K.L.:
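Sending over a structure as structure tokens; questions will come in a sec.
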Amino acid sequence: MTNPPTLLLVDGSSYLYRAYHAMPDLRAVPGDPSSPATGAIRGMVNMLQALDKTPETAQAAYAVCVFDASGPTFRDDWYPEYKANRSPMPDDLRSQIDPIHEVVRLLGWKVLSVPGVEADDVIATLARIAASQGVQVVVSSGDKDLSQLVDERITIIDTMSGKRRDVAGVEQEFGVPPALMVDYQALVGDAVDNVPGVAKVGPKTAVKWLHEFGSLDGLIAQADSIKGVAGNNLREAIASGQLALSRKLVTMQADCDLTAYAPGLPDLADLQKQELDAQNLRHFYDKYGFKGLARALAAPEKEAKAPDNGSGDLFSSFDSDDAASTEVAVAAQQREVAYHCIQTQAQLDEWLVKIDAAELTAIDTETDSLNALQAQLIGISLSVQPGEAAYIPLGHEGIEGVQQLPLADVLARLKPWLEDAGKPKLGQHIKYDQHVLANQGITVRGYRHDTMLQSYVLEVHRPHSLESLALRHTGRTGLSYEDLCGKGKNQISFAQVPLDKACAYACEDADQTLDVHRVLWPQIQAQAGLLHIYQLEMQTSEALFRMERNGVAIDAQELARQSNDLGTRIVALEQAAYELAGQPFNLSSPKQLGEIFFDKLGLPVVKKTPSGARSTDEEVLEKLAQDYPLPAKLLEHRSLSKLKNTYTDKLAHMALPRTGRVHTHYAQAVAVTGRLSSNEPNLQNIPVRTPEGRRIRQAFIAPPGRVIASADYSQIELRIMAHLSGDEALLRAFHDGLDVHRATAAEVFGVALDQVSSEQRRFAKVINFGLIYGMSSYGLAKTLGIDNSAAAAYIDRYFQRYPGVKRYMDDTVALAHKQKYVETVFGRRLQLPDINGGSGPRKKAAERAAINAPMQGTAADLIKKAMVAVQQRLDAVQPDVLLIMQVHDELVFELPADKADWLRQEVPALMAGVAALKVPLLAEVGVGANWEQAH
DNA sequence: CTGCTAGCATA
DNA sequence: GTATGCTAGCAGA
């Protein structure tokens, strides 16, 4: 008996957007942003090729790819707001639609795009026709709305996630069988398509009701018996007709008239899969710069062999880096993998030999905590070639009969290799694994690569988790941490995960890391500027690891004293506020505060928050404080409770009890300008401006016999502006060692340097900062408290005196528009996705970011270089001087008191010497018993 | 328990 | 006007 023929229906529209977003910014001419975008085209080709290699769909007799046509559909007639929340298609994608239709046809697929009928309805119609003729139907779509079509003959697969929705699959995923999916969707609604549904009814309630009443009609008949808010909303939705409308909107129309576009129907002959049109396909690939695909077309036999020589991938593939990648494009889930669980000495021996000989080994650790310094090691996974990995369970527990080698034995065997700088290693976010292994007394050496940093350097705006990297660059998806451990209060430790699952997950991580590296590393190598920045990031990672491990000593008693003082003052302010308000209220609640201020006391509304509420922020309170007593109390209360709640109450608790030191985590792949960020706790926003705030720095101390030193770059961003703009007046000011704000004031106000008043200097300082932030006259006016025309006059005057700066700003904005990114002095790329796309305000904001990014980013590069240089010098000659914090333009040290002179001598020179710009760099040092005194 | 807003600390 | 992270309150689970 032969299998019935198969019709393969591809929901082209659902893949368009995913291909567009998942693919990097590919161009017909690589690296030329003005040439046509090709990422979505490429993604689409990869996806169709993957389907040709998926057993279930490879042999399909009929194959159709369905797209939405432009323009309104019949649903818009029923409901004008349908899909009103959708943003318009990006131009970059729109321009790829026609080529996509063309290439799909050339690949032998029937293309259908029916005006007035959505792709979903076309698919529904074709699926029902085919199923009624005994044809097996496979729909390939990422859209779960199609689940209502599923029956014995119709299955949905999601090529990108590997999900498979058959009758049982739908029931498992949604909790209702396919036949009830329409009812389910009608109740739940759809925020994306703007289908209303029933207010406050989500998946849980919908499933409960459908189980109880059997169907939507059953539910409607019994609507009166439903209690609570949900019941009211249900009756309201029934009465208003909204529920009926929702049902109509979500129901796929399986009876569309397609004869104008598929005249052969109901006969399927027209839909037969054709041979691909090799000649024209070749032209097409050439035209769009798909060299690897063109080569594969010329030598198809290459596909048959060596399934293991590249990444198995859906959306990877750069022609330049990995000729094999697209040619072997197979759906991720079809990839052959060999994952091993190491549970015997013999297996461990075998892998020790492998990693010892490997060119590069991917390492990943599994732990029980996201906090690296407290994390316990649960297991280690290793991979030396794609598709093969091993997991060594070490800390699993609580499961009957867990067989694992003793932790101490395994680590003793691994340690020589881990600590050998000559054994090249790779990881994803290696700083974390370094901490975990350091917790076991192992100092890992020989890390050559970190895929997280590769991604950060290449595509700063995109997510850098391994999961997203694997999907984006290799098309692979896998087990998620949540799949294994759950979430919320029911989450279990990784140590409790059954070994087979833990092994699969851990091996996958190491395997995918190696895979992603093979895609990203060639891209970095191909661009000298990025290579330089990547090497800087790798060195910075090591310096950060050291700094995080050092931590900073905290004086818990001092903080407790301050908390006490603040607490007393806060209580007094509360009492005073209650008196003035005539009633008690929560001073921390902007909502209650608004009611007291504007409803009860009748204070004037100064401005609104973005969401329309009456603002009570600092600026508003300052203004109101001129005429009323209560706002001043609020201002003081706000600032004191901020200090108490955020700093004095919290910091001591974050110190490790054993050492009394806090160890922040520096995020190296978060800030889009290249800066670091600090969290748990954030040590980069410890107060300094107000006296009360600055006191908190007294609690950042050095142990007995030691002192704190702070070295900060002076005016670093303005110096970078002078370098980048080449403006002569500004360069001269720095070369002459002038106070730059004073010099600016002298120029702008037309007075001699020694005639500048402190008010004039203050204005000049604000202008200088404004320049770094890409200011407008509007913004300047607001911060200086002057009117718009006066601010514009200052800016004019400034640009007259510093024409080079003006030219630089204009050039930068123009360049940003042209290439959609700007660069730092050292070649870091700062992408500006909104610069051409967005509306007026968004575009203006992107232009300001374009002006700021090279300055902020170059400053970030410089201090990273300084950290690396300083740490290397310390290691070489002063190992008891510790680098303990970085605050954007400042490095903080803890050192023996008698090494202070050495530091004053050496560190500023190192910091100033990391680059030779057109202006000298200057770093200044302070030393004291605590961080406050070190300034 | 989770996600959002308002507000505010730093460079 | 640039770039971050953290807290409290609040609303919907």
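To find a chain, count down the sequence lines: A is the first, B the second, and so on, and within it residues start at 1. Predicted, not measured: the structure shown is a model, and the values here were computed from it.
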K.L.:
Applying a 4.0 Å non-hydrogen cut-off, can you work out what V766(A) is touching in the nucleic acid: base, sugar-phosphate, or nothing?
P.N.:
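Base contact - V766(A) has a heavy atom under 4.0 Å of at least one base atom.
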K.L.:
Classify the side chain of Q684(A) and the base of dT10(B) as holding, or not holding, a donor-acceptor pair under 3.5 Å.
P.N.:
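There is none.
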K.L.:
Using atom NZ of K607(A) as one end and atom C1' of dG7(B) as the other, report the distance to the nearest whole Å.
P.N.:
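Taking atom C1' of dG7(B) as the reference, NZ of K607(A) is at 10 Å.
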K.L.:
If the threshold is 4.0 Å, N to carboxylate O, is there a salt bridge linking R695(A) and E692(A)?
P.N.:
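So R695(A) does not pair with E692(A) through a salt bridge.
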K.L.:
Tell me the salt bridge (charged side-chain N to carboxylate O under 4.0 Å, His left out) pairs involving residues 774-793 of chain A, sequence neighbours left out?
P.N.:
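Listed once each, the pairs would be none.
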K.L.:
Of the listed nucleotides (dT2(C), dA11(B), dG1(C)), which one gets closest to any side-chain atom of R689(A)?
P.N.:
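The closest nucleotide is dA11(B).
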K.L.:
Is the shortest side-chain N to carboxylate O distance from E622(A) to R638(A) below 4.0 Å?
P.N.:
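Here E622(A) does not pair with R638(A) in a salt bridge, since their nearest N and O are not under 4.0 Å apart.
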K.L.:
Scan R848(A) against the nucleic acid and name what it touches under 4.0 Å (heavy atoms): base, sugar-phosphate only, or nothing.
P.N.:
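Here R848(A) touches the backbone only, sparing every base.
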K.L.:
Hey, does K844(A) reach any base, or is it just sugar-phosphate, or nothing, if we go heavy atoms under 4.0 Å?
P.N.:
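The residue K844(A) makes no contact with any strand.
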K.L.:
Output the single nucleotide from dG1(C), dA11(B), dT4(C) whose closest atom is nearest the side chain of V670(A).
P.N.:
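Minimum distance to the V670(A) side chain belongs to dT4(C).
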K.L.:
Verify the contact: side-chain N or O of T616(A) to OP1 or OP2 of dG7(B), cut-off strictly under 4.0 Å; return yes or no.
P.N.:
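For dG7(B), OP1/OP2 do have a side-chain N/O of T616(A) under 4.0 Å.
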K.L.:
For Y778(A), answer base if it contacts any base atom (sugar-phosphate contacts may also be present), sugar-phosphate if it contacts only those atoms, and nothing otherwise; contact means non-hydrogen atoms under 4.0 Å.
P.N.:
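Sugar-phosphate: the residue Y778(A), judged by heavy atoms under 4.0 Å, touches backbone atoms but no base.
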K.L.:
Would K806(A) and D810(A) pass as an ion pair if we require N to O under 4.0 Å?
P.N.:
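Yes.
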K.L.:
Which of these nucleotides, dG7(B), dG1(C), dC8(B), is closest to any side-chain atom of S615(A)?
P.N.:
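Among the listed nucleotides, the one closest to the side chain of S615(A) is dG7(B).
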K.L.:
Using whole Å, report how far CD of E619(A) lies from P of dG1(C).
P.N.:
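E619(A) atom CD is separated from dG1(C) atom P by 9 Å.
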K.L.:
Where along nucleotides 6-13 of chain C does protein come under 4.0 Å, by heavy atom, of base (B) or sugar-phosphate alone (S), with - for untouched nucleotides?
P.N.:
SSSSSS-S
K.L.:
Applying a 4.0 Å non-hydrogen cut-off, can you work out what S641(A) is touching in the nucleic acid: base, sugar-phosphate, or nothing?
P.N.:
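Result for S641(A) = nothing.
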K.L.:
Considering every strand and a 4.0 Å limit on heavy-atom distances, what is the contact class for R638(A): base, sugar-phosphate, or nothing?
P.N.:
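Sugar-phosphate: the residue R638(A), judged by heavy atoms under 4.0 Å, touches backbone atoms but no base.
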K.L.:
Can a donor-acceptor pair under 3.5 Å be found between the side-chain atoms of R675(A) and the base atoms of dA11(B)?
P.N.:
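Looking at the base of dA11(B), it does pair with a donor or acceptor on the side chain of R675(A) (distance under 3.5 Å).
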K.L.:
Between S714(A) and E924(A), do the side chains contain a donor N or O and an acceptor N or O under 3.5 Å apart?
P.N.:
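No - no donor-acceptor pair under 3.5 Å links their side chains.
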